[in-house]
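One-based numbering, in listed order, for ligands and for the atoms of each. In this chain, residues are counted from 1 in sequence order.
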Amino acid sequence: MENDLKGKVAIVTGGASGIGKATAILYAEHGARVVVSDIHEQAGNDVVAQIKQKGGDAVFVKADVSQARDCEQLVNKTIEAFGSLDIAFNNAGIAGEENAISDMSIEGWDRIIAVNLSSVFYCMKYELQQMLKQGKGTIVNNSSILGSVGFANSAGYVSAKHAVVGLTKNAAIEYSRKGIRVNSIGPAFINTPLLAEAGIDDAAKKMLVQLHPIGRFGESIEVAELVVWLSSDKASFVTGSYYAIDGGYLSQ
Ligand SMILES: NC(=O)c1ccc[n+]([C@@H]2O[C@H](COP(=O)([O-])OP(=O)(O)OC[C@H]3O[C@@H](n4cnc5c(N)ncnc54)[C@H](O)[C@@H]3O)[C@@H](O)[C@H]2O)c1
């Protein structure tokens, strides 16, 4: 158990599963009090229970991050529960519709932009308002390797994730002098339930693994380690950056 986040309060959106779940648990192991947020109440409460079982402190707040009002409430409920907001990991996301651009539905496009991009703007807007009051804070936004390169039949996802990188840079320019650091991360393929949602079966996995020079997909805990470091004071000179965590995917 490390204590480098002791006294800090952290929000994790999409905290009920995958990368968000691993990060929520690791934040708590580093001493932070954690607000686990998701649309899935049962799974979110299970993560809270897991944190408490290990001696940590956490609450669950239900929020659909595609709704601005929910993001505002998430920050308000964090302050009600723990009195401050020091760290935010804007992580919730979906795979969304997979189609070539000419075949993609308008609804599919609107949905992925709402969940994977507008959500990050909504969450940051309210998180930053609170962090400005406190005069400090750190934010990490979960982009993807697809925030840096394209991927066939994923125009909505790729566009949203590129925009998350841009939004992060802008936030860093606007808030770094006010004590708030903002960074994004770019994971390659990570073993989480999102892969099944994206229709990646064993055959597809075999092919996709080849795109990773390291020869495997990543694990959620490996991404969580990077997020916790970026969120901590150890990363005090890091802001506006995009950190690939990709087993070499983008090196080719
Ligand atoms: N798994 C990968 O290969 C991979 C790679 C790069 C980036 N990412 C990104 O990592 C993030 C987390 O994905 P994951 O792989 O852990 O997936 P996951 O499906 O395991 O977890 C995503 C969580 O987000 C929640 N969620 C979905 N829509 C939501 C909404 N509208 N409001 C609130 N919560 C919502 C889900 O309920 C789920 O608990 C996503 O932004 C994803 O795009 C994943």
Taking only heavy atoms of G14, which atoms of ligand 1 are found under 4.0 Å from at least one of them? 23 (C), 24 (O), 25 (C)

Atom 13 (O) of ligand 1 - nearest protein heavy atom and its distance: L194 CD1, 4.0 Å

Between Y157 and the options I94, I112, L117, the side-chain contact (heavy atoms from CB on, under 4.5 Å) test singles out I112

Using a cut-off of 6.0 Å, state whether more than 12 heavy atoms not belonging to R177 lie near its atom CZ. no

Against heavy atoms of G18, which atoms of ligand 1 measure under 4.0 Å? 16 (O), 20 (O)

Nearest atoms (heavy-atom pairs only) where V9 meets D86: N-OD2, 2.7 Å

Any atoms of ligand 1 less than 4.0 Å from a non-hydrogen atom of I94? List them with their elements. 27 (C), 28 (N)

Who's the nearest protein heavy-atom neighbour of atom 18 (P) of ligand 1, and how far? S17 OG, 3.6 Å

Ligand-side contact atoms (ligand 1) for residue partner A63, heavy atom cut-off under 4.0 Å: 32 (N), 33 (C)

Numbering the atoms of ligand 1 from 1, which are under 4.0 Å from a heavy atom of L195? 3 (O)

Subset of ligand 1 atoms that lie under 4.0 Å from at least one heavy atom of D64: 30 (C), 31 (N), 32 (N)

With atoms numbered from 1 as shown, which atoms in ligand 1 lie under 4.0 angstrom from a non-hydrogen atom of I19? 10 (O), 16 (O), 44 (C)

Report, in ascending order of atom number, the atoms of ligand 1 lying under 4.0 Å from any heavy atom of F189. 3 (O)

Test side-chain contact (heavy atoms from CB on, under 4.5 Å) applied to Y242 and S143, step by step: CA-CA 8 Å; Y242 165 76; S143 176; 4.1 Å; yes

Go through the structure and list residues passing side chain to side chain donor-acceptor pair (under 3.5 Å) with D110, not counting sequence neighbours. none

